[in-house]
Structures are given as C-alpha cells and as structure tokens.
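Counting convention: from 1, in listed order, for ligands and their atoms alike.
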Amino acid sequence: MSQLKEPNLPESDVPESTARRRMITSFSLFALAAAIPVGVYEWITNSPKLYGARKPLRRVLDANAALAKTYFSNTHLVATFPVEEAAKKPRQNGYDGLKTPLPEDWKLQIDRPQGAPLLITMDEVKALPKHEIVYEFKCIEGWSQVQHWGGVRLSDFMANYKLGTKSGNAPNPESADDLYSYVGMETPDKGYYVGIDMESAMHPQTLLAYEMNGQPISAPHGAPLRLIIPVKYGVKNLKRIGRMFFSDERPRDFWAERGYDYYVGL
Ligand SMILES: Nc1nc2c(c(=O)[nH]1)N[C@H]1C(S)=C(S)[C@@H](COP(=O)(O)O)O[C@H]1N2
Ligand SMILES: [Mo]
C-alpha cells in the first residue's frame with residue numbers, strides 16, 4: 001500500500017478543485033477539437049451563415065483552432081526560473097514502485113504495435129539533445145518547489161525512435177490522427193504507473209529526465225530515468241521508468257485509481 005497521505009487530506013487542504021475545473025474545461029475543448037474533423041471545422045468557419053448564426057459554436061471552434069495550432073508548438077510554456085533559485089536539497093515524496101532494488105540490467109522497454117519491444121540503454125537516451133528546465137514542481141498535497149532537471153525531450157525521443165504513431169512513422173504535426181491518444185508508463189516492478197494524454201507528452205517542456213541539479217538523479221528521486229512533466233502535478237511525474245507504451249485507451253493510473261482526477265493538469 002502507498003505511504004502517501006494524499007487521499008486522507010481533508011477536502012479543504014487539497015488545492016485541487018480549481019485545477020480540476022480548469023483541467024476539465026481545457027480537456028473538454030481538446031476532446032472536442034479531436035472529435036471535429038478538420039474538414040468540418042473549415043466548412044463551418046468558412047460558412048458565413050453558420051459563422052454569424054451560432055456564436056457559442058463559433059467560440060468553441062475558435063478555441064479548437066487555437067488548440068490545433070498549439071498542439072505541436074512551443075507556446076503555453078510553464079514559467080521558468082534562474083538556475084540559482086533551484087532548491088539545493090529537493091524534497092522527496094512517494095516511493096511506490098521504488099521499494100525493490102533497481103534491476104541491474106535496467107533498460108527502458110518500449111512496447112510498439114509492430115515488432116518486438118525496444119530496449120534502450122541510458123547511453124542511448126543520453127545521445128539525444130539534452131535540455132534543462134528550472135521550474136516550480138507542484139505536488140497536489142500542497143507543496144511546491146523550484147527544481148532543476150535535465151534530460152531529453154520526450155517529443156525528441158519519440159521522433160528519434162518513431163514512437164507514438166499508428167503508422168510507425170515519427171509523429172508529424174500534419175497527421176495528428178496518426179498519433180495514439182495516450183502514453184502509459186510504469187516502474188520496472190509495476191508498483192506505480194501513470195497515463196499521460198498525448199498533448200502533454202509532446203509538450204516541449206516534458207522531459208525524460210536523468211539529471212537533477214546537474215547530477216545523475218538519486219534513487220529516491222527516480223534513478224536512472226524519470227518523467228518530468230511540468231504541465232502536470234507531481235503525481236504524473238513517474239520516477240524510475242521501466243516500460244512505456246502508447247494507446248488510444250486510457251492507461252491505468254495509480255492515483256486516478258485512488259480517486260484523483262485522471263488529467264491533474266496545471
Ligand atoms: N515511482 C513513483 N513515482 C512517483 C511517485 C511514487 O510514489 N512512485 N510519487 C509521485 C508524487 S505524488 C510526487 S509529488 C513526485 C515527487 O517526486 P520527488 O520525490 O522527486 O520529489 O513523484 C511522483 N512520482
Ligand atoms: Mo505528489
């Protein structure tokens with residue numbers, strides 16, 4: 001069982017309702033955007049009658065257009081900080097999936113719809129361009145801290161290994177239909193697991209992180225490789241990734257199964 005206190009907190013201590021409302025709004029728009037084919041969207045926006053007659057619909061479509069444009073773009077970035085502001089001794093929290101020793105022969109396992117799983121070493125991960133981010137990590141329990149992480153962009157990783165698409169090609173902004181809707185991740189012992197919507201996975205600040213404060217990530221912070229996903233609360237930032245997979249069905253999610261909102265966006 002988990003040691004985390006999250007589910008026992010009184011409602012009032014959980015700063016979640018605002019985030020949840022915001023998340024529901026933005027996700028509903030995203031779901032709508034995904035559900036309305038581009039042709040239909042263009043037909044409606046180019047139709048003067050409809051455009052004039054249906055203000056609420058038009059507002060939704062304008063939001064869809066904005067979302068479609070930002071799906072692969074570098075806008076909507078989380079605020080970043082000077083590196084000096086990063087915590088020298090970052091807080092630790094949550095050890096599910098970390099209670100057994102890290103397998104000595106650890107490799108990142110990637111399941112693919114076609115072919116055998118890929119097994120990727122840390123050296124191969126590190127061969128991709130390194131990015132660093134200093135941002136405010138937020139735990140849903142009510143604490144936050146400016147932290148400094150380094151690793152590779154999940155989107156670069158997916159492009160390099162041609163992951164996340166039904167065709168087996170690299171993700172392409174011109175064919176968003178080809179992308180699976182979710183990325184699933186779990187620890188090697190399957191003790192902790194998360195599901196991430198593809199939009200957040202492809203966000204330019206989302207990292208497969210292997211460094212904290214310029215040093216290899218320590219065991220309690222998720223060595224050798226963890227997810228750093230600044231657009232989400234801490235719960236989604238899975239430590240010690242063992243396996244990754246892509247799916248149109250929502251992957252299991254540890255805290256969603258314990259009553260938290262699945263998307264916990266910020
Ligand atoms: N494997 C694993 N990853 C996890 C957790 C966990 O229990 N196990 N807890 C999550 C939660 S709730 C938070 S706030 C962050 C904390 O990361 P940190 O220990 O590096 O501060 O890890 C997240 N990732
Ligand atoms: Mo957390």
Side-chain angles (χ1 to χ4, degrees), residues 1-11 13-20 23 78 81 85-103 106-109 132-151 154 183-197 200-201 205-245 251-266:
M1 275 320 279
S2 161
Q3 309 292 357
L4 288 186
K5 290 172 296 204
E6 273 144 313
N8 302 330
L9 282 175
E11 267 307 359
D13 285 4
V14 181
E16 204 202 1
S17 53
T18 324
R20 180 188 291 250
M23 179 287 306
V78 164
F81 296 79
E85 289 183 31
K88 300 287 169 284
K89 288 191 178 168
R91 233 174 127 149
Q92 299 171 358
N93 193 40
Y95 304 96
D96 291 286
L98 308 182
K99 291 165 191 166
T100 50
L102 177 74
W106 178 94
K107 290 193 179 85
L108 177 59
Q109 178 183 332
E132 294 180 48
I133 185 166
V134 182
Y135 79 105
E136 193 177 0
F137 184 102
K138 292 177 181 147
C139 172
I140 216 159
E141 286 180 61
W143 56 271
S144 71
Q145 193 175 51
V146 175
Q147 297 180 348
H148 174 196
W149 296 95
L154 182 53
V183 182
M185 293 188 192
E186 64 188 24
T187 56
D189 68 359
K190 306 186 195 307
Y192 196 84
Y193 36 91
V194 296
I196 307 284
D197 59 279
S200 303
Q205 291 173 312
T206 299
L207 301 180
L208 293 177
Y210 52 81
E211 283 183 2
M212 195 190 66
N213 290 340
Q215 299 296 317
I217 293 179
S218 66
H221 282 296
L225 192 67
R226 74 172 295 173
L227 183 64
I228 285 294
I229 183 159
V231 296
K232 300 284 184 187
Y233 276 107
V235 285
K236 292 285 188 184
N237 290 243
L238 183 133
K239 301 191 274 193
R240 194 195 278 187
I241 310 171
R243 185 174 77 100
M244 193 188 302
F245 59 95
R252 289 175 72 202
D253 187 276
F254 187 90
W255 282 111
E257 287 175 357
R258 287 156 181 78
Y260 273 82
D261 186 274
Y262 192 88
Y263 295 94
V264 291
L266 283 161

*Output, in order, the C-alpha distance, side-chain angles, deciding distance and verdict of salt bridge (charged side-chain N to carboxylate O under 4.0 Å, His left out) for K236 and D197.*
CA-CA 11 Å; K236 292 285 188 184; D197 59 279; over 6 Å; no
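- For the pair V183 and M244, the tightest heavy-atom approach, listed with the atom from each and the gap, is CG1-CG, 3.8 Å.
- Using a 30° and 60° split on the angle between ring planes, Y193 and F254 fall in the perpendicular class, above 60°.
- For ligand 1, the atoms sitting less than 4.0 Å from at least one non-hydrogen atom of C139 are 14 (S), numbered in the order shown with element in parentheses.
- Those atoms of ligand 1 with a heavy atom of F137 less than 4.0 angstrom away are 14 (S), 15 (C), 16 (C), 17 (O).
- Residue-to-ligand polar distances keep W255 apart from ligand 1: every N/O pair is separated by 3.5 Å or more.
- Cation-pi geometry between K239 and Y95 is satisfied (NZ or CZ under 6.0 Å from the ring centre, within 45° of the ring normal).
- Below 3.5 Å of separation, one finds an N or O of R226 facing an N or O of ligand 1.
- Y262 places a side-chain heavy atom less than 4.5 Å from the side chain of P251.
- The heavy atom nearest to atom 4 (C) of ligand 1, out of those in Y192, Y193, F254, is found in Y192.
- Atoms of ligand 1 lying under 4.0 Å from any heavy atom of T187, numbered from 1 in the order shown and given with element: 1 (N).
- Atoms of ligand 1 lying under 4.0 Å from at least one heavy atom of N237, given by number and element, are 22 (O), 23 (C), 24 (N).
- In the model, Q147 has a side-chain atom that pairs as donor or acceptor with a side-chain atom of W149 under 3.5 Å.
- Between N93 and ligand 1, at least one pair of N/O atoms sits closer than 3.5 Å.
- Heavy-atom proximity to atom 19 (O) of ligand 1, evaluated over K138, K239, H221, is greatest for K239.
- Side-chain N or O atoms of R226 include one that pairs as donor or acceptor with a backbone N or O of N237 at under 3.5 Å.
- At least one heavy atom of R91 lies less than 4.0 angstrom from ligand 1.
- Minimum interatomic distance between I133 and P230 (heavy atoms only, all atoms of both residues): CD1-CG, 3.9 Å.
- Heavy atoms of E141 stay at 4.0 angstrom or farther from ligand 1.
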